[in-house]
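Inspection log for the structure reproduced underneath, given as structure tokens.
To find a chain, count down the sequence lines: A is the first, B the second, and so on, and within it residues start at 1.
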Amino acid sequence: MKKIGLVDCNNFYASCERAFRPELRNRPVVVLSNNDGCVIARSAEAKTIGIPMGAPYFKWRTVIDKNRVAVFSSNYALYGDLSNRVMKVLFRFCPSVEIYSIDEAFVDLSGVPGGADAFARRLKATVESWTGIPVSIGIGSTKTLAKIANRFAKKHARSKGVFDLTSSPDPDLVLRWTPVCDVWGIGSRHAKKLRREGVENALDFRLLKRNWVKKKMTVTGLQTLLEVRGLPCYDFAAGPPPKKTIVSSRSFGHPVFKQSDLLEATAQYTTRAAEKLRKQGSVTSNILAFLQTNRFKLGEPQYSNSISIPLPVSTAHTPTLIKAAVSGMERIFRDGYGYKKCGVMLSSLEPANGRWLSLLDLPPDDHAQHTPLMNAVDACNNRWGRDTIKFAASGINGTWRMRREMCSPRYTTVWEELLEVK
DNA sequence: TCTGGGGTCCTAGGACCC
DNA sequence: TCTGGGGTCCTAGGACCC
């Protein structure tokens, strides 16, 4: 039997903030989303206080202040770097690793020396001592069961952070203890539907008929059912597959009324999206620009729109993409609205080498000139930091930029912000 | 004042073609 | 007036994940 381990960092963003501030140990910590909008990570103490995931900061402000909760704006440079460090430890000790998200990875623990449970405990201790990030490890015969085991490991103090469902004396007990909404692949909508049918937990779910599940939850639901029964449907993937669409968008710190500000933001987001595009070695032949007002402000006039701009030649050339996105945005912009958000989406992605050229293409000057230029820009920005070289269309100090009033230093990625030891 | 951002997959339905 | 049926492609919307 295959033994799949799921290594999951505990309260990842909150743990990252704590890694460099031992004085925060045992203190409640929360991390906020962009614009300091809502809570997206909580330490164990913050969960105990009762602050829910996604809680709007302004609504919970009194509770947070009263309990002396340490509050941080999100600092993705820091989290990304600590994530890389955790993953490096996994690659060093595990024969096969699949990075699943910034704070999770699947590892193959079949036939590891000393047995899966003991191996996982050593792995956990090593990650924690080398990176300062606490992790939990769940082991199951499928990814979905590994997820269930991981949840059990986190919530049951007696498991000490590692739980092997494949060698459990009573796996059904664990399934019965897992609410159906906590099964990987079953969200709140389907959970509600299932509970109406009397399905409360993972064990009830496992006993359902295949046809019924397929009819009510489509083939994705059926895959979840089979995985819970121990039949693997999701394989290990060596690296992350290339993205099929790339989105870059952001809410503004304040409502934006001016077209020029919106166009600057559009240029900035397009720059970000194009960077991601080149990083995965792709080119795009379609860019979509969209904007919207604040849908929570019921009394105010609402407007949202999007426009898709096909490109005659697939490209990853930032100026070409900015030109297309900005001209699209000019067309859908309407005066008189306070915009809350805008963004771009790149789709119809193809690998940069071996793309189709249209019959109308001139000799691809893209390759002759654009590619070396973009390579040089990327190299500078990787070496000296994001936006060392930027495009004039993005402006300098637009009022549309995000609020991040409580950001921790970028301890690990910027020299000036290194931790000082006195 | 203040309620994230970035993805994937599936299905239904319309447009269009023969 | 009558006006089938099958295929493909695209899009919007729903559901899910972290």
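As the counterpart of B:dC18, C:dG5 is assigned, both hydrogen-bonding distances of the Watson-Crick or G-U wobble pattern falling under 3.5 Å.
Atom CG of A:N375 is separated from atom CG of A:L373 by 8.5 Å, given to the nearest 0.5 angstrom.
Remark: A:K276 is in phosphate contact with B:dG7, judged by side-chain N or O atoms under 4.0 Å from OP1 or OP2. For A:S251, a side-chain nitrogen or oxygen approaches OP1 or OP2 of B:dG5 to under 4.0 Å. The phosphate of B:dG4 has neither OP1 nor OP2 within less than 4.0 Å of any side-chain N or O from A:K341. Contact check, A:H190 against C:dC16: a side-chain N or O comes under 4.0 Å of OP1 or OP2. At least one side-chain nitrogen or oxygen of A:R250 sits closer than 4.0 Å to the OP1 or OP2 atom of B:dG6. For A:S249, a side-chain nitrogen or oxygen approaches OP1 or OP2 of B:dG6 to under 4.0 Å. In terms of phosphate contacts, A:K340 brings a side-chain nitrogen or oxygen within less than 4.0 Å of OP1 or OP2 of B:dT3. Under 4.0 angstrom from either OP1 or OP2 of C:dA15 there lies no side-chain N or O belonging to A:K193. Note on A:T245: a side-chain N or O is less than 4.0 Å away from OP1 or OP2 of B:dT8.
Separating the NZ atom of A:K154 from the P atom of C:dC18 is a distance of 10 Å, rounded to the nearest angstrom. Summarising the geometry, the separation between CG on A:L288 and P on B:dG6 is reported as 14 Å, rounded to the nearest angstrom. Between A:E104 atom CD and B:dG7 atom C1' the separation is 14 Å, expressed in whole Å. Rounded to whole angstrom, the span from the NZ atom of A:K216 across to the C1' atom of C:dA15 amounts to 16 Å. As a whole-Å value, the separation of A:F12 CZ from B:dG4 P is 22 Å. With rounding to whole Å, A:Y76 atom OH is found 7 Å from B:dG4 atom C1'. Nucleotide C:dA15 holds its C1' atom 15 Å from the CH2 atom of A:W184, rounded to whole Å. Rounded to an integer number of Å, the gap from CE of A:M217 to P of C:dC17 is 9 Å.
The side-chain ring of A:Y57 is not stacked on the base of B:dT3, judged by centre separation under 5.5 angstrom and plane angle under 30 degrees.
A cation-pi geometry, defined here as NZ or CZ lying under 6.0 Å from the six-membered ring centre and within 45° of its normal, holds between A:R151 and A:W177.
Within 4.0 Å (heavy atoms only), A:D103 reaches sugar-phosphate atoms of the nucleic acid but no base atom. Using a 4.0 Å heavy-atom criterion, one finds that A:K59 contacts no nucleic acid atom at all. Using a 4.0 Å heavy-atom criterion, one finds that A:L32 contacts no nucleic acid atom at all. Within the 4.0 angstrom heavy-atom criterion, no nucleotide atom of any strand lies near A:V31.
Distance from the side chain of A:R189 is smallest for C:dA15 among the nucleotides C:dC18, C:dA15, B:dT3. Comparing B:dG7, B:dT11, C:dC16 by their nearest atom to the side chain of A:S188 picks out C:dC16. The A:V219 side chain lies nearest to B:dT11 when the options are C:dC18, B:dC2, B:dT11. With B:dG4, B:dG7, C:dC17 as the choices, the nucleotide that has an atom nearest any side-chain atom of A:K147 turns out to be C:dC17. Relative to the side chain of A:T218, the nucleotides C:dC18, B:dT11, B:dT3 differ in distance, and B:dT11 lies closest.
For the residue pair A:E17 / A:Y79, a side-chain donor-acceptor distance below 3.5 Å is found, with atom types taken as modelled. Side-chain contact annotation: A:N75 with A:S408, donor-acceptor N/O pair under 3.5 Å present. Using modelled atom types and a 3.5 Å distance limit, the side chains of A:N84 and A:K88 yield no donor-acceptor pair.
Along DNA chain B, the nucleotide closest to A:K297 and the one closest to A:T220 are compared, and the more 5′ of them pairs with A:K297. Across the interface with DNA chain B, nearest-nucleotide mapping of A:I246 and A:S33 shows A:S33 to be the residue nearer the 5′ end.
A salt bridge is defined here as a Lys NZ or Arg NE, NH1 or NH2 lying under 4.0 Å from an Asp or Glu carboxylate O, and A:D387 with A:R272 meets this definition. Using a 4.0 Å cut-off between a side-chain N of Lys or Arg and a carboxylate O of Asp or Glu, A:E275 and A:K279 do not qualify as a salt bridge.
Atom name P, nucleotides C:dC18 and B:dC2: the rounded distance is 30 Å, in whole Å. Taking atom P on both nucleotides, B:dC17 is separated from C:dT3 by 22 Å, rounded to a whole Å.
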